2 protein chains.
Amino acid sequence: MKFEAIINHINKFANPSEEEIQSFIDILELENISSREYLIKEGQYCNYNHFIVKGCFRSFFTNKKGVEKTVNFGIEDWWLTDFDSFMNKTQTQLNIQATEDAVILKVSKSNLDIVLQSSLEINKYFRVILERVRIADQRRIQFMFNLSGEELYNTFYEYNPEFVQRIPQYMLASYLGFTPEFLSKIRTKKHS
Amino acid sequence: MKFEAIINHINKFANPSEEEIQSFIDILELENISSREYLIKEGQYCNYNHFIVKGCFRSFFTNKKGVEKTVNFGIEDWWLTDFDSFMNKTQTQLNIQATEDAVILKVSKSNLDIVLQSSLEINKYFRVILERVRIADQRRIQFMFNLSGEELYNTFYEYNPEFVQRIPQYMLASYLGFTPEFLSKIRTKKHS
DNA sequence: TATATTTCTTAATCTAGATTAAGTTTTTCT
DNA sequence: AGAAAAACTTAATCTAGATTAAGAAATATA
């Protein structure tokens with residue numbers, strides 16, 4: 001059923017009782033999102049955290065020159081939100097957009113806070129996830145520092161071959177921190 | 001006394017009982033670190049997380065060309081470790097070094113896990129801290145994408161004027177992602 | 001199945017920041 | 001206080017990747 005993915009995910013990182021699972025499930029809202037639809041848009045208040053059951057999203061902002069910069073991707077079993085807006089109730093600078101038809105489970109900050117007030121294991125679940133996100137962020141920062149554009153692409157391709165097929169190249173270029181033209185140059189080089 | 005800083009910090013983000021605080025305090029080890037001493041070195045297993053009571057640290061790795069790249073700084077009231085090594089029991093690629101005489105409280109993974117097994121509020125404390133770290137990491141990634149070297153320096157200076165005095169410029173340059181020579185150029189421009 | 005829109009490629013030119021190298025200033029240690 | 005080490009500056013040259021522009025493929029829509 002519809003909560004299978006999230007329950008499996010929770011059980012992978014914590015050991016909640018039936019009641020703890022139930023209290024969490026009760027506050028989730030299922031939603032279908034079409035390709036290119038937005039979960040949140042720049043300027044809004046991001047009151048939800050979103051668990052991706054199916055599909056792919058990107059978060060991006062538009063810089064001074066009007067160029068879209070992809071900050072993150074999210075696929076199945078990832079949580080996606082703008083934490084700054086979600087936690088601090090500030091206006092978000094990010095857009096989160098579906099890159100394909102998707103299904104999500106969303107949870108509001110206020111409901112989540114209530115559950116986190118009384119459930120040790122749900123706290124643990126989010127703590128562990130955040131630890132893993134921290135590791136990923138640190139690794140990404142290290143890569144950005146250490147690798148040339150070409151090495152970044154090759155490394156990304158090596159670890160996520162199927163994902164490269166799943167998204168437009170210009171989004172990947174933006175995520176890796178360079179222009180689509182330069183990515184095109186790299187790919188020509190690689191495949192010849 | 002010696003646990004004042006950490007207790008205040010915990011109470012800022014969670015609401016632990018006396019017993020929860022005590023169970024956590026019991027597993028902390030106080031340590032004095034001299035300037036330039038290492039908390040961990042590349043190749044070691046990083047079994048501790050470190051809370052900085054006093055002083056300043058930098059974490060860095062050495063790239064293929066032998067150049068040191070500063071990944072993070074930590075000052076009073078920050079936790080510092082290599083999460084990848086700490087969580088996954090892998091060899092760390094990072095060095096964590098004191099940039100001035102320091103006092104830390106360290107906690108081993110195994111002891112921390114025991115406390116986290118039974119204390120909701122200590123789980124919450126670390127979850128909330130990690131949420132804040134996530135926000136900082138995301139902001140940093142956005143800055144790295146969006147700002148020129150000069151803008152990066154000016155922004156950093158604006159938000160951390162006192163900190164710029166506290167560390168050698170070449171570490172800051174490395175943290176911001178460019179060379180000390182380029183930072184020198186920027187500063188000449190700024191102050192003339 | 002044709003047309004419009006989006007995405008990708010190629011190539012010429014340009015620029016932010018790297019590299020190298022030498023000299024200067026500051027800090028540390030005895 | 002003096003020597004050695006560490007940190008910072010300046011300037012010339014070089015390069016990875018940006019920018020601009022125009023055309024070609026691929027996808028979506030009618």
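No hydrogens, no waters, no symmetry mates; every other heavy atom, side chains included, goes into these values. Below, chain A is the first sequence line, B the second, and so on; all start at residue 1. Just so we're clear, the structure is a prediction, and the values are computed from it rather than from any experiment.
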Item checked: Distance, rounded to the nearest Å, where Met144(A) contributes CE and dG17(D) contributes C1' -> 14 Å
Note to self: Side chain of Tyr170(B), heavy atoms from C-beta onward: which of dT7(C), dG17(D), dC8(D) has the nearest atom to it?
What the structure shows: dC8(D)
Margin query: Over all strands shown, is Pro180(B) touching base, sugar-phosphate only, or nothing at heavy-atom distances under 4.0 angstrom?
Written below: nothing
Notebook entry, point to check: Nearest to the side chain of Glu181(A) - dT10(C), dT10(D), dC8(D)?
Noted result: dT10(C)
Checklist line | Gap between atom CG of Leu130(B) and atom CZ of Phe83(B) - 0.5 Å precision | finding: 5.0 Å
Checklist line | Spacing between Arg166(A) atom CZ and dT27(D) atom P, to the nearest angstrom | finding: 17 Å
Next item on the list: Please state how far atom CG in Leu183(B) lies from atom P in dC8(D), giving the value in whole angstrom units.
Entry: 8 Å
Item checked: Separation of dG17(D) C1' from Ile186(A) CD1 (nearest whole Å) -> 9 Å
Check: Looking at the side chain of Pro168(B), which of dT19(D), dA18(D), dA7(D) is the nearest nucleotide?
Finding: dA7(D)
Checklist line | Length of the CZ-C1' vector between Phe145(A) and dA18(C), whole Å | finding: 15 Å
Notebook entry, point to check: Taking the nucleotide of DNA chain C with the closest heavy atom to each, which residue, Arg36(B) or Gly149(B), is nearer the 5' end?
Noted result: Gly149(B)
Next item on the list: Name the closest nucleotide to the Phe182(B) side chain, picking from dG17(C), dC8(D), dA18(D).
Entry: dG17(C)
Margin query: Looking at dT9(C), I'd like to know if its phosphate oxygens (OP1 or OP2) sit under 4.0 Å from a side-chain N or O belonging to Thr188(A).
Written below: no
Notebook entry, point to check: Does Gln44(A) offer a backbone N or O that forms a donor-acceptor pair with the side chain of Thr92(A) under 3.5 Å?
Noted result: no
Margin query: Between Asn47(A) and Ser108(A), is the side chain to side chain contact (heavy atoms under 4.5 Å, CB included) condition met? List the steps.
Written below: CA-CA 6 Å; Asn47(A) 297 316; Ser108(A) 74; 5.6 Å; no
Margin query: In the structure I gave you, are the side-chain heavy atoms of Ile135(B) and Asn88(A) within less than 4.5 Å of one another anywhere?
Written below: yes
Next item on the list: Answer yes or no: does a side-chain N or O of Arg187(A) lie under 4.0 Å from OP1 or OP2 of dC8(C)?
Entry: no
Notebook entry, point to check: Which nucleotide, dT19(C), dA18(D), dC8(C), lies nearest any side-chain atom of Thr179(A)?
Noted result: dA18(D)
Margin query: Whole angstroms only, please: what is the CD-P distance between Glu68(B) and dA7(D)?
Written below: 9 Å
Item checked: Enclosure of Glu18(B) CD (heavy-atom neighbours >12, cutoff 6.0 Å) -> no
Notebook entry, point to check: For dT19(D), does either OP1 or OP2 sit under 4.0 Å from a side-chain N or O belonging to Lys65(A)?
Noted result: yes
Checklist line | Distance test, side-chain N/O of Ser184(B) to OP1/OP2 of dC8(D), below 4.0 Å | finding: no
Next item on the list: Return the value, rounded to whole Å, for the distance between atom CG of Leu176(B) and atom P of dG17(C).
Entry: 11 Å
Checklist line | Atom-to-atom span, CD of Glu100(B) to C1' of dA6(D) - whole angstrom | finding: 17 Å
